[in-house]
Every structure is written in structure tokens, then in C-alpha cells.
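The model shown is predicted, which means the values in this text are computed figures rather than measured ones.
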Amino acid sequence: MEIAVKSPEILDISAIQPIEIQPEIQEIKPSDTPLVAAPDATFAPASGTSTTKVSALSLASIRAKKELEQSGKAATKEHTELPTEPFSETDMLLQWNKYAQRLSDKGQKIMEALLLINDPKLEGTVIRHQLPNEGSAIDFESGKHELLGYLRGKLHNHDITIEVMVNENISSRKAFTPQDRFNRLNEINPSLELLRKTFDLDF
């Protein structure tokens, strides 16, 4: 019995059409959501501790509040410790004239003359000084701050204030020579004459 053997077919590869493969490209659009999450203003405690989170902002607020309270207490303490010792009008006039002498030594003749134009009056801790016109009052105001600091320090009383009043009817009393100044101080405090004689001082 004969078995027919079919010869294999030979495939003609020249007849195969090439297939072009197009890779699929997906357009990536930017997302409004950031890829990396922003750090939170809180921190988590270490393992084994409480899971309650504490706000860093809250800690800063508490610290700032404590610092503000401490500075307020320090300012209050400083204010309460300023001296407010009692003093007399005579004490004030002595220091007033000594300050005028300091101004003379520095060559500040205008301010010196404004201080010596008449005697200021003391009412409690308010020193009232009269000047003859508005111009002299303006000049006096320019140097009043330093005068006030001097008087508060010398008289040990930081409640002292100075009020300037314009009175065109006041009589001007000027003392420019050393003898004039001494005579005026001696009027305020007669013991200066005894001091001058004791130490043989010459003015």
C-alpha cells in the first residue's frame, strides 16, 4: 500500500507586506495638585508617646505672649522705682540757678537769660515759669527738656513738670556777672554768705 507524502509548501516571503507599528503616546497634562504634599505646621510625637499633635504656631504665640508679659512687668517695675522725694521751692530755685550757671559756662546765653528773667513758682510738683512774650516762650521750650531732666535728677523727683506762661507785664531781672549770680543765690539761701566767709571765697 502506497502512502502519498505531500511535499511542504514553500512560503514566498517577498509577498509579505511590512506592518508599521505606531507606538501609542499618551499626552501628560500638568495637574493642579502638587506631586509632593506641603509640610504641615504640626509635628507628631515619637513612637510610644501620645498621638496628640501640637501646633508650632501655638507654641510661638505662647512664647511671644510670655515675653510680652515679662517686658510689661519690667517696664512697670522700672516706673514704680523712679524717685519721688519731696522738695521745697528753695531747693528748686537753687538748682534752677545752678543750671543757669551751667548754661552760661557753655555759652548758651539766651536760655540762661530766659531762666533768670524772673523766679519760677512751685505748686506741688509743677514749676510755673512766666516769660514776657511768645518768642521767649518758644525759645524756652526748645531747652526745657534738658532742664526738666536736670531738675528731676538733682531733686530726686520724677513727677516734676514745667509749665510756661506768657505775661507781658512781668519785670525782667537779668543777672549775668558772677557777683550778680551769687547775690541772687544768696537771696534764696542766705547760708551761702556764711560759706563764702568761712572759706574766704571770692566771686
Side chain to side chain, [X] and [Y], heavy atoms closer than 4.5 Å:
X      : Y      : value
Thr161 : Arg152 : yes
Met92  : Leu155 : yes
Gln101 : Asn97  : no
Ile127 : Glu163 : no
Leu147 : Leu103 : no

Exercise for review: Name all pairs fulfilling the ring pair (Phe, Tyr, Trp, His ring centres under 6.0 Å) condition that reach into residues 104-125, sequence neighbours left out, sorted by first residue then second.
Suggested key: none
Practice item. Write out all pairs satisfying ring pair (Phe, Tyr, Trp, His ring centres under 6.0 Å) with one or both partners inside residues 142-169, taking only residues at least two apart or from two chains. Key: Tyr99-Tyr150
Exercise for review: Applying side-chain hydrogen bond (donor to acceptor under 3.5 Å, both in side chains), name anything that partners Asn133, two or more places apart in sequence or on another chain.
Suggested key: Ser136
Nearest 0.5 Å, please: how far is [atom2] in [Y] from [atom1] in [X]?
X      : Y      : atom1 : atom2 : answer
Asp159 : Thr84  : CG    : OG1   : 5.5 Å
Leu131 : Ile138 : CG    : CD1   : 11.0 Å
Gln95  : Arg102 : CD    : CZ    : 10.0 Å
Leu116 : Lys109 : CG    : NZ    : 10.0 Å

Check your understanding: Got a sec, which residues hit ring pair (Phe, Tyr, Trp, His ring centres under 6.0 Å) with His129, two or more places apart in sequence or on another chain?
Key -> Trp96, Phe140
Revision key, fill the gap. For Glu123, the salt bridge (Lys or Arg N to Asp or Glu O under 4.0 Å) test, sequence neighbours excluded, returns Arg128
Practice item. Please name all residues satisfying salt bridge (Lys or Arg N to Asp or Glu O under 4.0 Å) with Glu141, sequence neighbours left out, ordered by chain then number. Key: Lys144
Exercise for review: Give the C-alpha distance, both sets of side-chain angles, the deciding distance and a yes or no for side chain to side chain contact (heavy atoms under 4.5 Å, CB included) between Asn118 and Gln130.
Suggested key: CA-CA 7 Å; Asn118 69 14; Gln130 294 186 358; 3.7 Å; yes
Is it the case that the side chain of [X] and the backbone of [Y] share a donor-acceptor pair, with hydrogens and angles ignored and the cut-off at 3.5 Å?
X      : Y      : answer
Asn167 : Pro132 : no
Asn157 : Thr125 : no
Asp91  : Ser88  : yes

Review point. Going hydrophobic residue to hydrophobic residue with side-chain gaps under 4.5 angstrom, can you get from Met165 over to Met111?
Key: no
Practice item. For Leu122 and Gly124, work out which heavy atoms get closest and say how close. Key: CD1-O, 3.5 Å
Practice item. Answer yes or no: are there more than 12 heavy-atom neighbours, outside Glu168 itself, under 6.0 Å from its atom CD? Key: no
